[in-house]
Number of protein chains: 2
Amino acid sequence: MTATADSTDGSDEQRSEAVARRRREILEATCETLSRKGVSATRIADVARRLGISTGLVHYHFATKDELLAEAFQFAGKAELEVLRELAAVDLPPRRRLNAVIEEFCPRGEFVSWRLWIEGWAEALRSERFRATSRELDEAWIGVLEDTITAGVASGDFICPSPHDSAWRLSCLIEGLAIQLVAHGGTIDSVEMARLVDAAVSAEVSGG
Amino acid sequence: MTATADSTDGSDEQRSEAVARRRREILEATCETLSRKGVSATRIADVARRLGISTGLVHYHFATKDELLAEAFQFAGKAELEVLRELAAVDLPPRRRLNAVIEEFCPRGEFVSWRLWIEGWAEALRSERFRATSRELDEAWIGVLEDTITAGVASGDFICPSPHDSAWRLSCLIEGLAIQLVAHGGTIDSVEMARLVDAAVSAEVSGG
DNA sequence: TAACGAACTGACCGATGCGTCAGTATTTCG
DNA sequence: CGAAATACTGACGCATCGGTCAGTTCGTTA
């Protein structure tokens with residue numbers, strides 16, 4: 001049986017540690033390549049070269065290129081979800097948690113992840129697997145935002161008629177601004193973005 | 001001299017009417033294909049087949065595939081800018097104009113244009129020309145929104161401390177929601193989107 | 001240490017699709 | 001009308017790249 005066989009579930013547990021590590025290496029290399037070159041320009045040879053392995057080995061672990069890309073995107077999504085879970089577990093006062101959540105969401109540095117999400121949206125137009133991953137990630141983000149706002153309303157820190165609606169609006173606002181920052185490059189900077197987001201946050205959670 | 005030579009400016013004026021028409025046909029066919037299949041899966045043969053012409057003829061009018069795609073995207077952008085200009089020229093009371101502008105912006109029907117814009121954002125990550133077109137379009141949208149809000153403030157219909165900021169936020173909110181609607185498909189519908197946008201509009205233009 | 005299977009290599013095959021080009025049809029103009 | 005320019009065809013060359021496979025290395029177990 002080849003290592004590729006059970007790729008439908010991402011569980012690495014019962015696979016040998018070495019294989020799991022190799023798969024992870026390949027997925028990470030794929031994500032980096034994906035972020036720099038985009039879906040269509042990413043070659044299996046790029047991924048192999050980056051790791052100093054043969055293209056055959058990539059195919060040994062991942063049946064097809066589509067498989068590899070979809071799984072890499074999912075891998076990145078899961079990593080982000082992990083960050084989210086940790087963020088949700090930290091015990092902070094509502095206002096500070098909301099700031100932390102939004103801070104984490106907004107693009108920073110080289111935009112590696114955000115370039116991936118933007119690629120993902122375009123890919124989601126045609127690929128079921130990309131769409132599912134992208135949706136899942138977004139829903140998780142909105143969920144964390146909503147929970148945070150709801151907690152703040154319960155504690156009396158926030159006034160917000162519909163945490164659900166506010167979470168949706170804030171999440172979408174941030175994504176729209178991220179497009180300007182990451183894809184359009186130069187229309188706004190992170191400071192300007194933070195300013196616009198902060199104003200929206202204030203409006204959403206303190207009054208109707 | 002071939003028809004391709006002066007493709008740097010898009011001016012069709014001094015070109016023969018027949019050639020201009022042919023170029024337009026090809027660009028329109030390319031936009032449709034682009035919207036359905038995406039940038040990387042669009043083949044010159046697809047465009048040619050759709051028009052019942054040879055691939056050679058496409059190359060006769062457009063030097064390379066990159067050229068063709070970039071110009072098609074720009075063509076779609078210009079068409080949208082045209083709609084904007086008309087919208088801005090209509091004389092309506094501020095509230096109704098704002099509604100009309102937003103109505104026009106939000107995704108409808110088959111999402112043909114919106115699928116194109118989403119493709120464009122991903123492409124803008126690497127292509128200078130796609131980035132320029134996409135930016136230009138976005139700036140125009142924000143500009144129309146800002147002008148409309150400013151007019152409403154001047155007439156006393158709106159209360160808005162910063163039409164500029166509000167226009168940015170509304171535009172980005174709509175783009176973020178469009179991703180959910182068009183790319184993620186099924187997370188929300190147009191009615192839900194309209195509801196979320198309306199609430200944001202009310203918050204932005206009637207109070208601080 | 002022999003043997004077996006898993007991990008890995010890299011050359012190769014086949015498909016695909018862009019761009020070219022020699023040639024053909026059509027229009028323009030002297 | 002004849003000739004030159006323009007519009008157009010479609011087959012072909014050529015490069016690219018995904019996926020296969022025969023063979024090699026490595027680790028593990030009897």
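Per chain, numbering begins at 1; letters A, B, ... match sequence-line order. Basis for what follows: all heavy atoms, side chains included, without hydrogens, waters or symmetry-related copies.
- Partners of B:Arg85 by side chain to side chain donor-acceptor pair (under 3.5 Å), not counting sequence neighbours, listed by chain and number: B:Glu82.
- Counting to the nearest Å, the P atom of D:dA7 and the CD1 atom of B:Ile26 are 12 Å from each other.
- If you take NE2 of B:His61 and P of D:dT6, they are 13 Å apart, rounded to a whole angstrom.
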Could you run through nucleotides 9-28 of chain C and give me one letter per nucleotide, 5' to 3': B if any protein heavy atom sits under 4.0 Å from the base, S if only the sugar-phosphate is that close, - if neither? BB------SSBB--------
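- Residues that satisfy the side chain to side chain donor-acceptor pair (under 3.5 Å) test with A:Arg126, not counting sequence neighbours, are B:Glu119.
- In this structure, A:Leu69 places its CG atom 14 Å from P of D:dC17, rounding to the nearest Å.
- Ring geometry for A:Phe73 versus A:Trp117: interplanar angle over 60°, hence perpendicular rather than tilted (30 to 60°).
- D:dC17 atom C1' lies 14 Å from atom CG of A:Leu68, rounded to whole Å.
- Scanning for side chain to side chain donor-acceptor pair (under 3.5 Å) contacts around B:Trp168 gives B:His164, with sequence neighbours left out.
- Within residues 27-41 of chain A, no residue has any heavy atom closer than 4.0 Å to DNA chain D.
- The interatomic distance linking B:Glu25 (CD) with D:dA7 (P) rounds to 14 Å, in whole Å.
- For A:Glu103, there are no side chain to side chain donor-acceptor pair (under 3.5 Å) partners, not counting sequence neighbours.
- A salt bridge (Lys or Arg N to Asp or Glu O under 4.0 Å) check over residues 184-199 of chain A, counting only residues at least two apart or in different chains, returns the pairs A:Glu192-A:Arg195, A:Arg195-B:Asp165.
- For A:Phe105, the ring pair (Phe, Tyr, Trp, His ring centres under 6.0 Å) partners are A:Trp114, A:Trp141, not counting sequence neighbours.
- The stretch residues 47-58 of chain B participates, sequence neighbours left out, in these salt bridge (Lys or Arg N to Asp or Glu O under 4.0 Å) pairs: B:Glu32-B:Arg50, B:Asp46-B:Arg49.
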